[in-house]
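Data block below; observations after.
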Amino acid sequence: MSNVAWIGLGHMGVPMSKHLVDAGHTVRGVDIEEGARARARENGVEVVDSIGDAVRDVDAVFTMLPTGKEVTAVLTGPDGAFAHMPEGAVAADFSTTGIETAETLSEQAREQGVGFVDAPVSGGVQGAEKGDLALMLGGEVDHVLAVERFTKLVGNYIVHVGPSGRGQAMKVVNNAMMGVAMAVSCEASVLAQRLGLDPQVFYDMVLRSSGDNWAFRNWFPLPGVVPTSPASHGYEAGFMVDLVAKDLRLAVELGTELDVTMATSKTAFELFRRTSEAGAGKRDLTSLALELGAQVDPPAAG
Ligand code: NAD
């Protein structure tokens with residue numbers, strides 16, 4: 001069994017790191033929020049105060065943080081993981097950060113004598129809980145193999161896409177599709193509601209029709225139809241509006257760089273950005289339906 005570090009114990013990090021604990025590994029965790037630390041502690045993560053404490057004597061370091069900014073902050077610099085990890089250990093970043101961040105981090109890791117793999121994931125909190133995420137890996141083969149015994153615990157479809165940054169390339173493209181699908185699923189659900197269609201009947205029919213898509217099926221944005229959708233739990237994240245907006249922004253920026261129109265991604269980005277500006281940035285992405293005028297019953301008094 002191994003010692004590993006896990007930095008970022010949020011919606012995804014808590015259920016993912018639990019699989020490593022359950023497999024018998026010693027997981028040292030770091031997070032800036034006490035609530036996150038407490039949830040991880042309940043799962044058997046040994047929560048520590050500094051990155052240096054977390055990464056000493058580890059075989060691998062895992063990060064699951066909001067954006068490339070936080071990942072860069074915790075991995076680089078004199079207090080960062082690269083500086084304190086044992087030589088030859090590998091850091092795998094499960095966050096969605098974009099290609100450039102992954103390429104830069106890989107270069108910085110090499111300079112410090114450690115490995116780096118970009119390893120973004122797909123499948124949401126439910127996939128994290130079940131350990132059946134899809135993982136898209138970018139980096140050197142040796143580094144990918146060095147973390148394989150851990151990545152297998154959180155994912156059941158794991159593909160080494162190519163060199164550093166290729167995992168992020170795959171993820172950004174996937175999430176452009178997911179973000180657009182979620183946006184149209186929200187507006188279609190509001191339209192269906194205005195037309196007087198019963199939400200359950202609408203949902204069941206779409207699943208057997210050509211409008212079906214992963215976001216709609218798993219994250220149906222009106223309450224009371226899909227029990228596991230955040231819409232059925234007061235729109236509590238899940239996958240936050242700010243994070244899908246970040247992913248769509250990455251896709252739109254790449255489109256600009258590579259001369260691809262990305263018109264629907266731009267529209268979806270604007271919709272989620274507007275939802276965030278209206279104060280729902282930390283709510284689940286399904287709350288776009290509320291921004292678009294969905295009528296839902298107020299939550300029952302607790
Ligand atoms: P989250 O905000 O719930 O979790 C991030 C955690 O990082 C938080 O607990 C936060 O306190 C912690 N953190 C922030 N800065 C830190 C720092 N400097 N040091 C230590 N901890 C710090 O986000 P999430 O939903 O778990 O998503 C994490 C990443 O995974 C994002 O890049 C997201 O785009 C991606 N992702 C999310 C989902 C999903 O369904 N939630 C699915 C696939 C991929």
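Remember, it's 1-based here, ligands and their atoms both numbered in the order they're listed.
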Below 4.0 angstrom, N of the basic side chain to O of the carboxylate: do Lys282 and Asp242 qualify? yes

Ser95 heavy atoms within 4.0 Å reach ligand 1 at atoms 32 (O)

What residue and atom, counting heavy atoms only, is the protein's closest point to atom 29 (C) of ligand 1, and at what distance? Leu65 O, 3.3 Å

Atoms of ligand 1 under 4.0 Å from any heavy atom of Gly8, numbered from 1 in the order shown, are 7 (O)

Salt bridge check: are Arg274 and Glu270 linked by an N-O gap of less than 4.0 Å? no

Side-chain H-bond candidate by donor/acceptor type, Asn213 with Ser185, under 3.5 Å: yes

Do any nitrogen or oxygen atoms of Thr67 lie less than 3.5 angstrom from nitrogen or oxygen atoms of ligand 1? no

In the protein, which heavy atom is nearest to atom 30 (O) of ligand 1, and how far is it? Met64 CE, 3.1 Å

Would you give the length of the straight line joining atom CG of Asn218 to atom OG of Ser229, rounded to the nearest 0.5 angstrom? 8.5 Å

In terms of side-chain geometry, is the basic nitrogen of Arg110 or Glu107 positioned less than 4.0 Å from the acidic oxygen of its partner? yes

Can you tell me which residue and heavy atom of the protein come closest to atom 34 (O) of ligand 1, and the distance to 0.1 Å? Lys246 NZ, 2.8 Å

Quick test of your reading of the structure: of Ala128, Ser122, Gly68, Pro66, whose heavy atom lies closest to atom 5 (C) of ligand 1? Pro66

protein heavy-atom neighbour closest to atom 6 (C) of ligand 1 works out as Asp31 OD2, 3.6 Å

What residues, two or more places apart in sequence or in another chain, satisfy ring pair (Phe, Tyr, Trp, His ring centres under 6.0 Å) together with Phe220? Tyr203, Phe216

At under 4.0 Å between heavy atoms, what of Leu243 touches ligand 1? The answer is side chain

I'd like a table of donor-acceptor pairs (distance under 3.5 Å, sequence neighbours excluded) in which one partner is a side-chain atom from residues 124-145, with atom names and distances.
none

Crowding at CZ, Arg37 (>12 non-hydrogen neighbours, <6.0 Å): yes

How does Lys171 reach ligand 1, by side chain, by backbone, by both or by neither, if only non-hydrogen atoms under 4.0 Å count? side chain

Whether Lys18 and Glu42 form a salt bridge (side-chain N of Lys/Arg under 4.0 Å from carboxylate O of Asp/Glu) is what I want to check. no

Within the 4.0 Å heavy-atom shell around Val74, which atoms of ligand 1 are there? 17 (C), 18 (N), 19 (N)

Please state which protein non-hydrogen atom is closest to atom 3 (O) of ligand 1 and give its distance, to 0.1 Å? His11 ND1, 2.7 Å

Any N/O of Trp219 closer than 3.5 Å to an N/O of ligand 1? no

Nearest heavy atom to atom 42 (C) of ligand 1 wins, so pick from Gln126, Glu34, Met12. Met12

Please report which non-hydrogen protein atom sits nearest to atom 17 (C) of ligand 1, along with the residue it belongs to and the distance in Å to one decimal place. Ile32 CG2, 3.8 Å

Does a sphere of radius 6.0 Å around CD in Glu253 hold more than 12 heavy atoms from other residues, nucleotides or ligands, not counting ones at 6.0 Å or beyond? yes

Using the ring centroid of each side chain, check whether Trp6 and Phe150 are separated by less than 6.0 Å. no

Around Glu34, counting heavy atoms of other residues, nucleotides and ligands shown, do more than 12 lie under 6.0 Å from its CD? yes

Atoms in ligand 1 with a heavy atom of Ala36 nearer than 4.0 Å: 9 (O)

Part of Thr97 within contact of ligand 1 (heavy atoms, under 4.0 Å): neither

What atoms of ligand 1 come closer than 4.0 angstrom to any heavy atom of Glu33? 11 (O)

With no hydrogens and no angle check, do the side chains of Ser2 and Arg149 hold a donor and an acceptor under 3.5 Å apart? yes

Report the distance from atom CE of Met178 to atom CG of Asn175, rounding to the nearest 0.5 Å. 4.0 Å

Distance under 4.0 Å to a non-hydrogen atom of Glu70: what atoms of ligand 1 satisfy this? 15 (N)

Among all protein heavy atoms in this structure, tell me which lies nearest to atom 4 (O) of ligand 1, with the distance rounded to 0.1 Å. Gly10 CA, 3.3 Å

Go through ligand 1 atom by atom and flag the ones less than 4.0 Å from a non-hydrogen atom of Leu9. 9 (O)

Could you list which atoms of ligand 1 come closer than 4.0 Å to a heavy atom of Gly238? 41 (N)

How far is atom 35 (C) of ligand 1 from its nearest protein heavy atom, and which residue and atom is that? Thr96 OG1, 3.8 Å

